[in-house]
Amino acid sequence: MEETIIAQRRQKVADLRERGDHPHANDFRVTHLAADLHDTYADAERWTSEVLEADAIEVSLAGRVKAVRKFGGMVFLGLVDGSDVCRPGDQTAIGRRDIQAALFKKVLRDGHPDSWARLELVDLGDIVGVRGTVMRTRRGELSIQVSELRILTKTLRPLPDKWHGLTDVAARYRQRYVDLIMNDEVRRAFRTRSRVVSYIRRFFEDRGYLEVETPMLQPIYGGAAAKPFATHHNALDLPLFMRIAPELALKRLVVGGFHRVFEINRNFRNEGVSTRHNPEFTSLEFYEAFATYDDLMALTETLLAGLVQAVLADRGDAADAPIIEYQGVALDFSPPFRRLPVLEGLVTYAGLAPEQVHDRAALEAAAARVGAKVKPDLPLGYLQMAVFEEACEPHLIQPTFVTDFPLDVSPLSRKKDSDPRLVDRFEIYAAGRELGNAFSELNDPDDQRGRFEAQVSARAAGDDEAHPMDDDFIRALEFGMPPTAGEGIGIDRLVMLLTDAPSIRDVILFPLLRPEA
RNA sequence: GGGCCAUUAGCUCAAUUGGCAGAGCAACGGACUCUUAAUCCGCAGGUUGAAGGUUCGAUUCCUUCAUGGCCCA
């Protein structure tokens, strides 16, 4: 049947050619977007059908045919263009992308008979251009009274059900183009993603940060606890890894005197796929010399609160407070966010006494109690974090800075001056999920070498997410990195929160899938 | 990796403890000059995800596989 439909449409392509119409014409010029007309002529009191008829405002518009309603002597075409997500000029305004074209046989027969004839060859999904005047129908709908109709792109495949759209999840991801044609809320989510990145870029540029790009292909990977993708450079016969984080490259730039840098780019981690993980994902990382992780908490509060309000404003829900609903829960990003030291979390949520938080036996008992799976002989910090993740994370619904992590799990962070078992580090949580990770950077090269060595030992003991040694990074620190604080924020997870998306695949245009059979 | 669920027309979904595979939308033919999920009449469209098995008979039961979803690891 699909073949039948395609064959029928190929016949229409041939018919178009026969009548001298190019089925993929590119000489139609657009003067207006649908959103322009809605913005300009929305006021039905002022722009009555009489006024519009008298003014006879000429416009040319192009879009995809989403609806055809025929009445013998007249036809309505429901068109959509792209003006809901992108428009020249003011990018802060979301517009309506739908506009109706009205074709009257009586008008076209005298003025442009070809256009009336072409209606026979128009299918749902085709991309057409219409020239005409702005009008308002008897029902009050802003429309274009068409004086010329062109088929600009004749399509071969039928669109999904006009009412139910495309709901099959696999099909939506595999054929995202169809998803985007059919589902306006999907279009809006990806527009929001674009606005979020734009906001972040402006936020850091305004604070004197320099945007940089550092290598995706690295001989030595590092900067996070994760498994990399391995690849190979043929000409140099060089094994390479896709980066798991830009951290070590960005800190080399701080050594070089780029004291405020940020990068928004892709990371790659060779891990499973889930509603919260895609093997390639986008992160923001930024580094500021002469700052501490305390400063970054304040910066993060400002960034996220402003971002939430910008997103609310962009979708037309301007609000006084930066409160956004995620999966039915209102998240309040009004500063200051809650601070929760890791060890305090163990006391509050894992039932440990304050004097037990460094006690292996007590931690192991707590791990068993809360259902955290731990291997024997783990360094104490791993044990603490395993208990923390199981017992505390589900409670971190409102934005929370989890602070002062164990040193064992923080090979790149500065030791706390007050307690060398801990580091000056925080993670920002919301909706029970980690959104970002930050610390005062370790800039003592000897300490850093020792931490790498501990990581290498952990790797030898079977931790395949432990860091490899990076001698050049040590050398860079030996040239002196100023006291610095740095942070990474997962853009995809942030956009999930801001678009109320339950799955990371809803905020990645083309998520990784198995190839089609 | 494990458990559960799903896969039927282009799309969205039905199909009685195993008994003729259906509807709406889209398509196709027709009527219709203000509809907006237009309406009305007519017509057509299927290797029921794949392979195998049980059975007189399988969309339905069993096995394996594929793809996806949810939960767990």
Side-chain angles (χ1 to χ4, degrees), chain A residues 1-12 15 34 38 44 48-50 52-53 63-80 96-110 116 119-126 135-146 154-179 181-184 227 271-278 327 367 370-375 386 389-390 394 432 501-506 511-517:
Chain A
M1 185 56 194
E2 186 175 28
E3 290 73 19
T4 309
I5 293 173
I6 290 175
Q8 286 166 349
R9 293 200 176 190
R10 285 193 192 284
Q11 182 57 50
K12 291 179 183 176
D15 292 348
H38 289 299
T48 61
S49 51
E50 291 77 18
L52 287 169
E53 188 176 351
R64 191 180 294 273
V65 178
K66 286 288 289 290
V68 180
R69 293 181 285 274
K70 295 194 177 187
F71 293 86
M74 69 167 306
V75 175
F76 291 112
L77 298 181
L79 308 182
V80 291
R96 275 180 69 175
R97 69 160 173 155
D98 60 297
I99 189 72
Q100 178 171 269
L103 296 88
F104 295 87
K105 186 177 187 178
K106 198 168 66 182
V107 173
L108 289 172
R109 195 181 46 204
D110 301 337
W116 187 257
L119 276 172
E120 289 301 310
L121 300 174
V122 171
D123 285 301
L124 285 178
D126 286 352
M135 68 171 284
R136 193 176 294 281
T137 66
R138 284 176 206 164
R139 291 293 186 86
E141 169 140 358
L142 197 65
S143 305
I144 298 165
Q145 183 179 316
V146 175
K154 184 66 199 161
T155 57
L156 297 180
R157 291 179 182 271
L159 289 177
D161 184 291
K162 67 183 172 190
W163 185 240
H164 299 96
L166 183 68
T167 61
D168 181 77
V169 177
R172 285 187 43 228
Y173 297 145
R174 286 192 198 286
Q175 300 181 50
R176 181 68 90 182
Y177 35 88
V178 179
D179 192 25
I181 291 169
M182 300 305 297
N183 297 323
D184 282 358
K227 283 174 259 187
E271 294 163 358
V273 171
S274 78
T275 50
R276 294 180 208 180
H277 297 86
N278 194 63
Q327 302 293 291
V370 302
K373 295 266 170 65
V374 290
K375 295 178 206 155
E389 283 168 17
E390 201 63 41
S503 169
I504 198 169
R505 289 177 160 188
D506 297 325
L512 184 69
L513 298 172
R514 284 197 171 81
E516 277 181 272

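Please read all numbers here as calculations on a predicted model, not as lab measurements. Here is how names work: the chains are called A, B, and so on, in the same order as the sequence lines, proteins then strands, and each is numbered from 1.
A donor and an acceptor atom, one from each side chain of A/Tyr173 and A/Asp168, are nowhere located under 3.5 Å apart.
Checked for salt-bridge contact, A/Asp98 and A/Lys66 miss the test: no charged N lies under 4.0 Å from a carboxylate O. A salt bridge does not link A/Lys12 with A/Asp15: every distance from a Lys NZ or Arg NE/NH1/NH2 to an Asp or Glu carboxylate oxygen is 4.0 Å or more.
Here B/rU48 sits opposite no nucleotide as a Watson-Crick or G-U wobble pair (both hydrogen-bonding atom distances under 3.5 Å). Pair assignment for B/rC4: B/rG69, on the basis of Watson-Crick or G-U wobble contacts that are both within less than 3.5 Å. Pair assignment for B/rG22 gives B/rC13, based on Watson-Crick or G-U wobble hydrogen-bonding distances that are each under 3.5 Å. Base-pair partner of B/rG57: not found among the strands shown (Watson-Crick or G-U wobble, both distances under 3.5 Å). With a 3.5 Å ceiling on both atom-pair distances, the Watson-Crick or G-U wobble partner of B/rG42 is B/rC28.
Between A/Thr155 and A/Arg9, the closest side-chain pair of non-hydrogen atoms falls below 4.5 Å.
When every heavy atom of A/Leu52 is checked against every heavy atom of A/Met135, the shortest pair comes out as CD1-C, 3.8 Å. Closest heavy-atom contact between A/Val146 and A/Leu108: O-CD2, 3.5 Å.
Residue A/Gly165 is classed as a sugar-phosphate contact, given heavy-atom separations below 4.0 Å to backbone atoms only. Within the nucleic acid shown, A/Lys66 has no heavy atom closer than 4.0 Å to any nucleic acid atom. Within 4.0 Å (heavy atoms only), A/Asp98 reaches no atom of the nucleic acid at all. Using a 4.0 Å heavy-atom criterion, one finds that A/Thr275 contacts the sugar-phosphate atoms exclusively.
More than 12 heavy-atom neighbours from other residues, nucleotides or ligands sit within 6.0 angstrom of CD on A/Glu271. A/Lys70 NZ: more than 12 foreign heavy atoms inside a 6.0 Å radius.
Contact between the side-chain N/O atoms of A/Lys162 and the OP1/OP2 oxygens of B/rA37 is not found at any separation under 4.0 Å. The shortest distance between the side-chain N/O atoms of A/Lys105 and the OP1/OP2 oxygens of B/rC34 is not below 4.0 Å. Note on A/Thr167: a side-chain N or O is less than 4.0 Å away from OP1 or OP2 of B/rU12. The phosphate of B/rU67 (OP1 or OP2) has a side-chain N or O of A/Arg514 nearer than 4.0 angstrom. In this structure, A/Arg69 does not reach the B/rU35 phosphate: none of its side-chain N or O atoms is under 4.0 Å from OP1 or OP2.
Atoms CZ (A/Arg505) and C1' (B/rG68) sit 8 Å apart, rounded to a whole Å. Atom-to-atom, CH2 of A/Trp163 to P of B/rA26 comes out at 13 Å; the value is rounded to the nearest Å. Nucleotide B/rG10 holds its P atom 20 Å from the CG atom of A/Asp126, rounded to whole Å. One can place NE2 of A/His277 at 13 Å from P of B/rC72, the figure rounded to the nearest angstrom. B/rU35 atom C1' lies 14 Å from atom CG of A/Leu79, rounded to whole Å. The interatomic distance linking A/Asp168 (CG) with B/rG49 (P) rounds to 13 Å, in whole Å. Between the CE atom of A/Met182 and the C1' atom of B/rC11 there is a distance of 8 Å, rounded to whole Å. As a whole-Å value, the separation of A/Leu108 CG from B/rU33 P is 15 Å.
Judged by closest nucleotide on RNA chain B, A/Gln100 is the one of A/Glu390 and A/Gln100 placed further toward the 5' end. Summary of the strand contacts: A/Leu166 and A/Lys12 both lie near RNA chain B, and taking for each the nucleotide with the nearest heavy atom, the more 5' one is attributed to A/Leu166.
Here, B/rG57 and B/rG45 have their C1' atoms 26 Å apart, quoted to the whole Å. When the C1' atom is used for both B/rU55 and B/rU63, the distance is 16 Å, rounded to whole Å. Taking the C1' atoms as reference points, B/rC61 lies 48 Å from B/rU36, given to the whole Å. Using P as the reference atom, B/rC62 and B/rG3 are 16 Å apart when rounded to the nearest Å. When the P atom is used for both B/rU48 and B/rG42, the distance is 29 Å, rounded to whole Å. Of the P atoms belonging to B/rC28 and B/rC34, the separation is 23 Å, rounded to the nearest Å. Only the C1' atoms considered, B/rC25 is 12 Å distant from B/rA9, to the nearest whole Å. Going from the P atom of B/rG1 to that of B/rU12 covers 29 Å, rounded to whole Å.
Once the 5.5 Å centre distance and the 30° plane angle are applied, the aromatic ring of A/Phe71 is found not to be stacked with the base of B/rC32.
Candidate nucleotides B/rA27, B/rC11, B/rC34 were compared by shortest atom distance to the side chain of A/Phe76, and B/rC34 ranks first. Checked against B/rU36, B/rG69, B/rC34, the side chain of A/Arg138 finds its nearest nucleotide in B/rC34. Across B/rA38, B/rA26, B/rC34, the shortest atom-to-atom separation from the side chain of A/Phe104 is found for B/rC34. Side chain of A/Leu513, nearest nucleotide from B/rG68, B/rC11, B/rA38: B/rG68. When distances run from any side-chain atom of A/Arg139 to the nucleotides B/rA26, B/rG68, B/rU36, the shortest one goes to B/rU36. Residue A/Met74 has its side chain nearest to B/rU33 when only B/rU35, B/rA26, B/rU33 are considered. The side chain of A/Ala170 lies closest to B/rG68, out of B/rA27, B/rC34, B/rG68. Of the listed nucleotides (B/rC70, B/rA27, B/rU33), B/rA27 has the atom at the smallest distance from the side chain of A/Asp123.
For a distance-only test at 3.5 Å, the side chain of A/Glu141 fails to qualify as a donor-acceptor partner of the base of B/rU35. A/Asp161 contributes a side-chain N or O that forms a donor-acceptor pair with the base of B/rG24 under 3.5 Å.
To the nearest 0.5 angstrom, A/Gln145 atom CD is 7.5 Å from A/Glu53 atom CD.
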